[in-house]
Novice: 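Shown below is the structure under consideration.
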Amino acid sequence: MKHDNLHQLLDTWFAAHARDLPWRSPDCTPWGIMVSEFMLQQTPVARVLPLWQEWLQRWPRPADLAAEPSGEAVRSWGRLGYPRRALRLHAAAAAIVSEHDGEVPDSFDELLRLPGAGNYTAAAIASFAFGKRETVVDTNIRRVQARAIRGRALPEPALTAAESELARDLLPSDPAAAVRWNASTMELGALVCTAKAPKCGQCPLLGSCRWVAEGRPEPHYQPKGQSWHGTDRQVRGALMAVLRVSDVPVPSGVLLDPAAEHPAAGAGTALRKLHSLQADASQLERALNGLLQDRLAEQTADGVQLPG
DNA sequence: AAAACGTGGCA
DNA sequence: TTGCCAAGTTT
């Protein structure tokens, strides 16, 4: 196979430098791996670690999570970010109970049907939990391949057909070798071939990297930043922070009115933070309606709360 | 198919 | 301090 040398180089490097992550332990269950994959979506390993431990201790099997109201999942998600992932993981657990007899399915197609599992997550679970030969394509793998093979500084802004085709071509035909390739390429992207300030001096592919060979050309586009300050997202986040820590339903008036008295129990600090954003009434309402529509929160006679 | 979706660490 | 960026998915 073309690029066979890369596989060998990465295998050797991975054996020596892979992080000892709990979801890579031989006795980690498919469910443990699945939880890690959901938590790791757009989220660094360091922030996932403690929460993953908590979740697996509390909900060691899909059925354990499925038995709880979705609001418990959202509350336990804490400040990990993108709380709808908690909702989807909860829904996925319910689907596993109702459609797969409580066992995480082992095929890409079945995994892909679970809420919150897209192409990356379905392939990752099939590969890492079940040893299947699946092409895993995440941002790390795309960046490593963009540099080493295509000679680019960065992967394309969105996954292209060419990138997918390259990733498929590079995947070893032996399933066990494919799993190692997936894991080691991802790890290289996370630890060495990073987005900014890559540590090329430590890279096992230094001698075969096309980007390095071509003098490390600049990116051919300007990555556009993610806005945050003053956005609806920021207000949603602040709203969620209030609901997560409140012991009781929070009257929508208290949420929407900066001058409201009687903050909800335990939510004082989060409420002050929300109001300090000085969002206008329409933005607050839009953000709250979004949460209700997404079922991240629900409205009762007593106020707004996490789904119970 | 572009845009929305959280959060915190680091330079 | 501001902006970048992180194991993506959904509509």
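Chain identifiers are assigned alphabetically (A, B, ...) following the order of the sequence lines, protein sequences preceding nucleic acid strands; residue numbering begins at 1 within each chain.
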Novice: Would you say A/Asn289 and A/Arg286 are linked by a side-chain donor-acceptor pair, where the criterion is simply a distance under 3.5 Å?
Specialist: no
Novice: Contact boundaries of DNA chain C with chain A (under 4.0 Å, heavy atoms), 5' to 3'?
Specialist: C/dC4 to C/dT10
Novice: Sort and list the pairs that fulfil ring-ring contact (aromatic ring centres under 6.0 Å, His included) and have at least one residue in residues 47-92 of chain A, not counting sequence neighbours.
Specialist: A/Trp23-A/Trp52, A/Trp55-A/Trp59, A/Trp55-A/Trp77
Novice: Looking at every non-hydrogen atom in both residues, tell me the closest pair between A/Met186 and A/Ile141 and how far apart they are.
Specialist: N-CG1, 3.8 Å
Novice: Salt-bridged, A/Arg152 to A/Glu218, with N to O below 4.0 Å?
Specialist: no
Novice: Between A/Asp294 and A/Arg236, does any NZ, NE, NH1 or NH2 come within less than 4.0 Å of an OD or OE carboxylate oxygen?
Specialist: yes
Novice: Does anything in residues 229-250 of chain A come within less than 4.0 Å of DNA chain B? Heavy atoms only, and list the residues if so.
Specialist: A/Arg233, A/Arg236, A/Gly237, A/Arg244
Novice: Just jot down the side-chain contact (heavy atoms from CB on, under 4.5 Å) partners of A/Pro60, sequence neighbours excluded, or say none.
Specialist: A/Asp64
Novice: Within the 4.0 Å heavy-atom criterion, would you say A/Ile141 contacts the bases, only the backbone, or no part of the nucleic acid?
Specialist: nothing
Novice: With a non-hydrogen cut-off below 4.0 angstrom, is A/Trp77 in contact with a base, only sugar-phosphate, or nothing?
Specialist: nothing
Novice: Is the closest basic N to carboxylate O distance between A/Glu72 and A/Arg58 below 4.0 Å?
Specialist: yes
Novice: How do A/Arg88 and A/Asn140 order along DNA chain C: which one's closest nucleotide is nearer the 5' end?
Specialist: A/Asn140
Novice: Would you please name every residue forming a side-chain contact (heavy atoms from CB on, under 4.5 Å) with A/Pro263, sequence neighbours left out?
Specialist: A/Leu271
Novice: Identify the two heavy atoms, one from A/Ala195 and one from A/Leu154, that lie closest to each other, and give their separation to 0.1 Å.
Specialist: O-CD2, 4.3 Å
Novice: Please check: side-chain N/O of A/Glu163 versus main-chain N/O of A/Glu156, any donor-acceptor pairing under 3.5 Å?
Specialist: yes
Novice: Looking only at the side chains, is there a donor atom on one of A/Thr43 and A/Arg85 sitting less than 3.5 Å from an acceptor on the other?
Specialist: yes
Novice: Quick one, which residues of residues 35-51 of chain A touch DNA chain B with a heavy atom under 4.0 Å?
Specialist: A/Gln42, A/Thr43, A/Arg47
Novice: Shortest non-hydrogen contact from A/Leu188 to A/Leu205?
Specialist: CD2-CD1, 3.8 Å
Novice: Name every residue in residues 149-160 of chain A that has at least one heavy atom under 4.0 Å from any atom of DNA chain C, in order of residue number, or write none if there are no such residues.
Specialist: none
Novice: Mind checking A/Arg143 for me? I need base, sugar-phosphate or nothing, with any heavy atom below 4.0 Å counting as a touch.
Specialist: sugar-phosphate
Novice: What interatomic distance, in whole Å, is found between P of B/dA4 and the corresponding atom of C/dA7?
Specialist: 23 Å
Novice: What are the residues of residues 116-125 of chain A, sorted by number, that bring a heavy atom to within less than 4.0 Å of DNA chain C?
Specialist: A/Gly116, A/Ala117, A/Gly118, A/Asn119, A/Tyr120, A/Thr121
Novice: Cluster partners of A/Val137, using ILVMFWY side-chain heavy atoms under 4.5 angstrom, listed by chain and number?
Specialist: A/Leu159
Novice: Can you pull the salt bridge (charged side-chain N to carboxylate O under 4.0 Å, His left out) pairs that have at least one residue in residues 103-119 of chain A, sequence neighbours excluded?
Specialist: A/Asp106-A/Lys132
Novice: Could you tell me whether the side chains of A/Gln41 and A/Tyr120 share a donor-acceptor contact shorter than 3.5 Å?
Specialist: no
Novice: Between A/Glu214 and A/Arg210, is there a side-chain N and carboxylate O pair less than 4.0 Å apart?
Specialist: yes
Novice: Could you identify which residues cluster with A/Val245, counting Ile, Leu, Val, Met, Phe, Trp and Tyr as linked when any side-chain heavy atoms lie under 4.5 Å apart, either directly or through a chain of such contacts?
Specialist: none
Novice: Can you give the first and last nucleotides of DNA chain B, 5' to 3', that have an atom under 4.0 Å from a heavy atom of chain A?
Specialist: B/dA3 to B/dG8
Novice: Could you tell me whether the side chains of A/Asp302 and A/Thr300 share a donor-acceptor contact shorter than 3.5 Å?
Specialist: no
Novice: Could you check A/Ala190 against A/Arg84 and say which one's nearest nucleotide on DNA chain C is further toward the 5' end?
Specialist: A/Ala190
